[in-house]
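Since the model is a prediction, treat every value here as computed from it, not as a measurement. The analysis underlying the following values was restricted to heavy atoms, covering all of them including side chains, and did not include hydrogens, waters or symmetry mates.
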Amino acid sequence: MTDELLVVRCQLGEREALAELVRAWHDPVWTYVRRMLDHGDADDVAQEVWLAVVRGLPRLREPGRFAPWLFTIARRAVTNRLREEYGRQETTTASGHITEHADEQVVENGAEVMADRAALVAGLSGLPLVEREILVLFYLEDLSIEDCAQICAIPVGTVKSRLSRARRLLREQLGERGTR
């Protein structure tokens with residue numbers, strides 16, 4: 001069944017259609033969020049995304065454009081979480097204290113990186129957020145350049161230039177690690 005039909009069924013109040021839509025899109029949303037944030041935040045942010053989807057689905061005017069709409073919501077949720085993190089980091093730096101939570105995150109991330117990240121994922125994580133986001137949306141979520149432009153609220157030409165820069169930066173990252 002197409003996403004468009006599922007969305008229309010959801011808008012008509014069919015719970016099973018919503019469950020099917022979530023089953024179909026849970027992994028892509030979680031993967032996107034996970035690649036943009038720390039593992040600990042990914043579950044919470046993905047849940048926030050689905051809450052926003054449930055609230056906003058009745059107002060979605062173009063059911064055929066569900067994927068870009070969904071990733072726009074996910075992008076907004078990721079951006080909000082990053083703002084919160086940066087705000088906490090600035091507060092921590094300004095006060096000269098490092099909280100226990102920050103220490104736990106560093107240890108958890110270090111162990112996680114060593115345990116289960118492939119060279120590509122490590123290369124991705126080393127990219128600036130803007131370039132990483134474009135690579136994830138275009139290559140890993142298999143969205144079109146036009147959809148990426150809509151999600152990021154930028155012109156198509158900017159998506160193309162960011163993709164080009166991101167590919168170059170990723171090649172450099174992987175080259176530095178000796179994984180060409």
Side-chain angles (χ1 to χ4, degrees), residues 1-7 10 18 20-57 59-86 109 112-113 116-175 177 179:
M1 183 170 305
T2 67
D3 292 335
E4 185 174 7
L5 184 55
L6 281 173
V7 169
C10 289
L18 179 61
E20 196 172 328
L21 198 62
V22 170
R23 272 192 301 274
W25 285 97
H26 178 270
D27 286 345
V29 167
W30 190 87
T31 301
Y32 168 75
V33 170
R34 172 62 188 97
R35 288 197 170 102
M36 302 306 291
L37 300 171
D38 291 331
H39 183 71
D41 290 336
D43 289 331
D44 292 341
V45 172
Q47 196 168 20
E48 290 170 19
V49 169
W50 286 110
L51 284 172
V53 167
V54 168
R55 289 181 184 133
L57 209 49
R59 294 183 307 276
L60 180 60
R61 290 191 178 138
E62 294 181 56
R65 303 283 302 154
F66 176 74
W69 178 77
L70 173 63
F71 280 101
T72 300
I73 291 171
R75 181 177 192 262
R76 192 173 308 124
V78 165
T79 301
N80 290 342
R81 182 58 58 102
L82 288 171
R83 280 189 190 123
E84 290 171 13
E85 280 182 29
Y86 293 145
N109 288 343
E112 183 179 318
V113 167
D116 66 354
R117 283 194 181 181
L120 181 60
V121 174
L124 269 175
S125 67
L127 294 179
L129 189 61
V130 172
E131 284 77 12
R132 182 179 355 151
E133 178 180 47
I134 289 295
L135 283 177
V136 168
L137 289 172
F138 185 73
Y139 287 109
L140 302 178
E141 299 305 333
D142 203 28
L143 294 169
S144 69
I145 288 177
E146 291 77 15
D147 287 346
C148 292
Q150 180 183 350
I151 291 165
C152 296
I154 57 176
V156 169
T158 304
V159 171
K160 291 177 182 178
S161 66
R162 284 185 185 174
L163 270 173
S164 176
R165 176 172 156 67
R167 287 184 203 114
R168 182 179 50 76
L169 289 172
L170 185 59
R171 271 193 305 274
E172 290 171 6
Q173 283 274 358
L174 294 176
R177 297 176 195 271
T179 55

Peer 1: Do the non-hydrogen side-chain atoms of V53 and V29 ever get within less than 4.5 Å of each other?
Peer 2: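 With C-beta onward as the side chain, the pair stays apart.
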
Peer 1: Going from OG1 on T158 to CD1 on I145, what distance comes out if it is rounded to the nearest 0.5 angstrom?
Peer 2: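 Output value for this atom pair is 11.5 Å.
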
Peer 1: Could you walk me through whether F66 and L6 pass the side chain to side chain contact (heavy atoms under 4.5 Å, CB included) test, one step at a time?
Peer 2: CA-CA 10 Å; F66 176 74; L6 281 173; over 6 Å; no

Peer 1: Checking R162 side chain against V130 main chain: does a donor-acceptor pair fall under 3.5 Å?
Peer 2: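 Side chain of R162 to backbone of V130, a donor-acceptor pair under 3.5 Å: no, none is there.
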
Peer 1: Supply the atom-to-atom distance R167 CZ to I134 CD1, rounded to the nearest 0.5 angstrom.
Peer 2: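 Separation between the atoms: 10.5 Å.
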
Peer 1: Kindly indicate whether the side chain of L60, heavy atoms from C-beta on, has any atom under 4.5 Å from the side chain of V7.
Peer 2: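 Yes; the side chains approach each other to less than 4.5 Å.
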
Peer 1: Kindly state each residue pair satisfying salt bridge (charged side-chain N to carboxylate O under 4.0 Å, His left out) with at least one member in residues 141-158, sequence neighbours excluded.
Peer 2: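 Counting only pairs at least two positions apart or across chains, the salt bridge (charged side-chain N to carboxylate O under 4.0 Å, His left out) contacts touching residues 141-158 are R65-D147.
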
Peer 1: Give, for atom CZ of R75 and atom CG of L82, the distance between the pair rounded to the nearest 0.5 Å.
Peer 2: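 Result: 10.5 Å between the selected atoms.
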
Peer 1: At their closest point, which heavy atom of I73 faces which heavy atom of A52, and how far apart are they?
Peer 2: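 Result for this residue pair: CG2-CB, 3.6 Å.
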
Peer 1: When rounded to the nearest 0.5 angstrom, what is the spacing between CH2 in W69 and CZ in R59?
Peer 2: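 Spacing of CH2 (W69) from CZ (R59) equals 8.0 Å.
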
Peer 1: Run the side chain to side chain contact (heavy atoms under 4.5 Å, CB included) check on N80 and R76 step by step: do they pass?
Peer 2: CA-CA 6 Å; N80 290 342; R76 192 173 308 124; 4.1 Å; yes

Peer 1: Evaluate the side chain to side chain contact (heavy atoms under 4.5 Å, CB included) criterion for residues L140 and T31: first the C-alpha distance (whole Å), next the side-chain angles of each, then the deciding distance (0.1 Å), finally the verdict.
Peer 2: CA-CA 9 Å; L140 302 178; T31 301; 5.6 Å; no

Peer 1: Given side chain to side chain contact (heavy atoms under 4.5 Å, CB included), test K160 with L163 step by step and report yes or no.
Peer 2: CA-CA 5 Å; K160 291 177 182 178; L163 270 173; 5.7 Å; no

Peer 1: A24 and P28: which non-hydrogen atoms are nearest, and at how many Å?
Peer 2: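 Closest heavy-atom pair between A24 and P28: O-CD, 3.8 Å.
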
Peer 1: Do Y32 and V78 have side chains that approach each other closer than 4.5 Å (heavy atoms only, starting at C-beta)?
Peer 2: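 Yes - at least one pair of side-chain heavy atoms lies under 4.5 Å apart.
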
Peer 1: If you define the side chain from C-beta out and look only at heavy atoms, does anything of R81 sit under 4.5 Å from D44?
Peer 2: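 Yes. Closest side-chain heavy atoms under 4.5 Å.
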
Peer 1: Between the main-chain N or O of G126 and the side-chain N or O of Q173, is there a donor-acceptor pair closer than 3.5 Å?
Peer 2: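 At least one qualifying donor-acceptor pair exists.
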
Peer 1: I'd like to check the side chain to side chain donor-acceptor pair (under 3.5 Å) partners of W50; sequence neighbours left out, ordered by chain and number.
Peer 2: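 None.
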
Peer 1: How long is the gap from CG on L124 to OH on Y139, to the nearest 0.5 Å?
Peer 2: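 Here the interatomic distance stands at 11.5 Å.
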
Peer 1: Check for a donor-acceptor pair, side chain of T72 on one end and backbone N or O of P68 on the other, with a separation under 3.5 Å.
Peer 2: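 The answer is yes, because a donor-acceptor pair under 3.5 Å joins these two groups.
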
Peer 1: Going by the rule side chain to side chain donor-acceptor pair (under 3.5 Å), which residues pair with R23 if we only count those two or more places apart in sequence or in a different chain?
Peer 2: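 Side chain to side chain donor-acceptor pair (under 3.5 Å) check on R23 returns E16.
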
Peer 1: Between V45 and A77, what is the shortest heavy-atom contact and its length?
Peer 2: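 So the minimum-distance heavy-atom pair works out to CG1-CB, 3.7 Å.
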
Peer 1: Just verifying a value: how many Å separate L143 CG and I151 CD1, rounded to the nearest 0.5 Å?
Peer 2: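 Going from CG on L143 over to CD1 on I151, the span is 4.5 Å.
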
